[in-house]
**Student:** 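I have a structure here, written as structure tokens, and I will follow up with some questions on it.
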Amino acid sequence: MTAWSYSSIKTFDQCPKKYYHLRVAKDVKDEPGEAADYGTAVHLAAEEYIRDGVPIPDKFAFMRPIVEKLAALPGEKYCELKLGVTKASWGYDPCGFFGKEVWYRGIVDLLVIDGDRAWMIDYKTGKNAKYADMKQLDLMAGAIFVKFPQVQKIKSALLYVVSNDLIKKTHYRDELDSYMEVFGDQLDRLEAAMDSGVFNAKSGPLCGWCPVVDCAHWRPRRK
């Protein structure tokens, strides 16, 4: 059973060869760029405000109104919550994020639990919500239901803090299995690749940004 996350299965779907070098052989590294550093800073500013009351820096003043609203929600708040899920014959169980038995790993940017209901937010720093992927919310909602059995309903959202777009979805406990299986086809292909040792390269528009330069599809990035 291969442990996976949203980002790792998206990497495999993008290019199995890239996945192999980053996640299996681990002979290359995908160095973060300016966009990733910016995203990390935004996440930290929101986390420190909601968790510790640290004022949001002036450079992120545009996100103050929405973060203040999130901080005012009733209930117990969890910032950057690491969740591990393992598969069992009867379904899914919570486990340690780095446990040997872990099957799925995910990190919730903000979770607020109030009785049997919850709010879940994933911060995004893209300029718009054109490429929003609701499957990411599905996975996180499923993991929350596994970890917190009292929660029956989750109001989830991808929050694009720069454009102030809020992409919403409501999740319900009785649909837990479907949430955890949104990447079923990709996971089947991943397990087949792990068993066979065959990770074929796939050409795509992001090949110029790929750290696996020893590939027939790699090409220099356009300036």
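Just so it is clear, the model here is predicted, and its values are computed rather than measured.
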**Student:** How long is the gap from CG on L22 to OG1 on T11, to the nearest 0.5 Å?
**Tutor:** 6.5 Å

**Student:** For T2, check side-chain contact (heavy atoms from CB on, under 4.5 Å) against everything at least two apart and list the hits.
**Tutor:** Y19, L190, E191, M194

**Student:** Carefully, step by step, assess C215 and K17 under the rule side-chain contact (heavy atoms from CB on, under 4.5 Å).
**Tutor:** CA-CA 9 Å; C215 175; K17 181 176 175 64; 3.8 Å; yes

**Student:** Hey, are K10 and D133 close enough for a salt bridge, meaning a charged N less than 4.0 Å from a carboxylate O?
**Tutor:** yes

**Student:** With the threshold set at 4.0 Å, does a side-chain nitrogen-carboxylate oxygen contact exist between D116 and R173?
**Tutor:** no

**Student:** With no hydrogens and no angle check, is any side-chain donor or acceptor of S8 less than 3.5 Å from a backbone partner on W4?
**Tutor:** no

**Student:** For F60, what residues pass the ring pair (Phe, Tyr, Trp, His ring centres under 6.0 Å) criterion, not counting sequence neighbours?
**Tutor:** Y38

**Student:** Just jot down the side-chain contact (heavy atoms from CB on, under 4.5 Å) partners of I167, sequence neighbours excluded, or say none.
**Tutor:** A129, A132, M134, L158, Y160

**Student:** Please test K18 against D30 for side-chain contact (heavy atoms from CB on, under 4.5 Å), starting from the C-alpha separation and ending with a verdict.
**Tutor:** CA-CA 10 Å; K18 179 180 179 181; D30 202 357; 3.9 Å; yes

**Student:** Consider only side-chain heavy atoms of I, L, V, M, F, W and Y, link residues closer than 4.5 Å, and tell whether V146 and I107 are in one cluster.
**Tutor:** no

**Student:** List the steps and the verdict of side-chain contact (heavy atoms from CB on, under 4.5 Å) for V42 and M63.
**Tutor:** CA-CA 9 Å; V42 165; M63 60 186 282; 3.9 Å; yes

**Student:** Looking only at non-hydrogen atoms, find the nearest pair between I113 and A118 and report the distance.
**Tutor:** CG1-CB, 4.1 Å

**Student:** Using links of under 4.5 Å between side-chain heavy atoms of ILVMFWY residues, direct or through other members, which residues join V102 in one cluster?
**Tutor:** none

**Student:** Is there a path of hydrophobic side-chain contacts, each under 4.5 Å between heavy atoms of I/L/V/M/F/W/Y residues, joining L44 to I121?
**Tutor:** no

**Student:** Show the nearest heavy-atom pair for residues L110 and C79, with the distance to one decimal.
**Tutor:** CD1-SG, 4.1 Å

**Student:** Say whether, by atom type as modelled, one donor and one acceptor occur between the side chain of K169 and the main chain of K135 under 3.5 angstrom.
**Tutor:** no

**Student:** Say you draw a straight line from CZ of R189 to CD1 of I9; how long is it, rounded to the nearest 0.5 Å?
**Tutor:** 8.0 Å

**Student:** Compare every heavy atom of W119 with every heavy atom of P74, then report the nearest pair and how far apart it is.
**Tutor:** O-CZ3, 3.7 Å

**Student:** Are V161 and V112 connected into the same hydrophobic cluster when the rule is that any two of I, L, V, M, F, W, Y join if their side-chain heavy atoms are below 4.5 Å apart?
**Tutor:** yes

**Student:** Pairs of donor and acceptor atoms involving the side chains of residues 176-187, under 3.5 Å and at least two apart or interchain, shall be tabulated with distances.
**Tutor:**
from: S178; atom 1: OG; to: E175; atom 2: O; distance (Å): 2.7
from: Y179; atom 1: OH; to: Y172; atom 2: N; distance (Å): 3.0
from: Y179; atom 1: OH; to: E175; atom 2: OE1; distance (Å): 3.4

**Student:** Once rounded to the nearest 0.5 Å, what's the spacing between atom CD of Q14 and atom OG of S7?
**Tutor:** 11.5 Å

**Student:** Which donor-acceptor pairs under 3.5 Å do side chains of residues 80-90 form with protein atoms, sequence neighbours excluded?
**Tutor:**
from: T86; atom 1: OG1; to: E101; atom 2: O; distance (Å): 2.8
from: W90; atom 1: NE1; to: D93; atom 2: OD1; distance (Å): 3.3
from: W90; atom 1: NE1; to: D93; atom 2: OD2; distance (Å): 3.2

**Student:** Could you see if M1 belongs to whatever hydrophobic cluster contains V24? Use Ile, Leu, Val, Met, Phe, Trp, Tyr and a side-chain cutoff under 4.5 Å.
**Tutor:** yes

**Student:** Decide salt bridge (charged side-chain N to carboxylate O under 4.0 Å, His left out) for R64 and D58; before the verdict, give the C-alpha distance in whole Å, the side-chain angles of both, and the deciding distance to 0.1 Å.
**Tutor:** CA-CA 9 Å; R64 282 177 184 151; D58 288 341; 2.7 Å; yes

**Student:** Specify the closest pair of heavy atoms between S203 and H217, including all atoms of both residues, with the distance to one decimal.
**Tutor:** CB-ND1, 3.6 Å

**Student:** At their closest point, which heavy atom of V151 faces which heavy atom of F145, and how far apart are they?
**Tutor:** O-CD2, 3.3 Å

**Student:** CD of E47 to CG of D52: how many Å apart, nearest 0.5 Å?
**Tutor:** 7.5 Å

**Student:** As a quick check of understanding, evaluate side-chain contact (heavy atoms from CB on, under 4.5 Å) for M140 and Y6, giving each step before the final call.
**Tutor:** CA-CA 9 Å; M140 297 309 306; Y6 173 79; over 6 Å; no

**Student:** I'd like to know if the side chain of R117 reaches the main chain of Q152, judged simply by a donor and an acceptor atom lying under 3.5 Å from each other, with no hydrogens or angles considered.
**Tutor:** no

**Student:** Using a 4.5 Å cut-off on heavy atoms from C-beta on, say whether the side chain of R105 contacts that of F98.
**Tutor:** yes

**Student:** Measuring from atom CE of M120 to atom OH of Y78, what distance do you get when rounded to the nearest 0.5 angstrom?
**Tutor:** 14.5 Å

**Student:** Looking only at heavy atoms, what is the nearest atom pair of K77 and L70, with distance?
**Tutor:** CE-O, 3.6 Å

**Student:** So does D214 have more than 12 non-hydrogen atoms from other groups sitting under 6.0 Å from CG?
**Tutor:** no

**Student:** Within the structure provided, determine whether K202 and P16 are in side-chain contact (heavy-atom separation under 4.5 Å).
**Tutor:** yes

**Student:** To the nearest 0.5 angstrom, please state how far the NZ atom of K168 sits from the CG atom of L159.
**Tutor:** 11.0 Å

**Student:** Do V67 and L166 share a hydrophobic cluster, counting only Ile, Leu, Val, Met, Phe, Trp and Tyr and linking them when any side-chain heavy atoms are less than 4.5 Å apart?
**Tutor:** yes

**Student:** Can you tell me if W218 uses its side chain to pair, donor with acceptor, with the backbone of V212 under 3.5 Å?
**Tutor:** no

**Student:** Please confirm whether W103 and Y92 have ring centers closer than 6.0 angstrom.
**Tutor:** yes

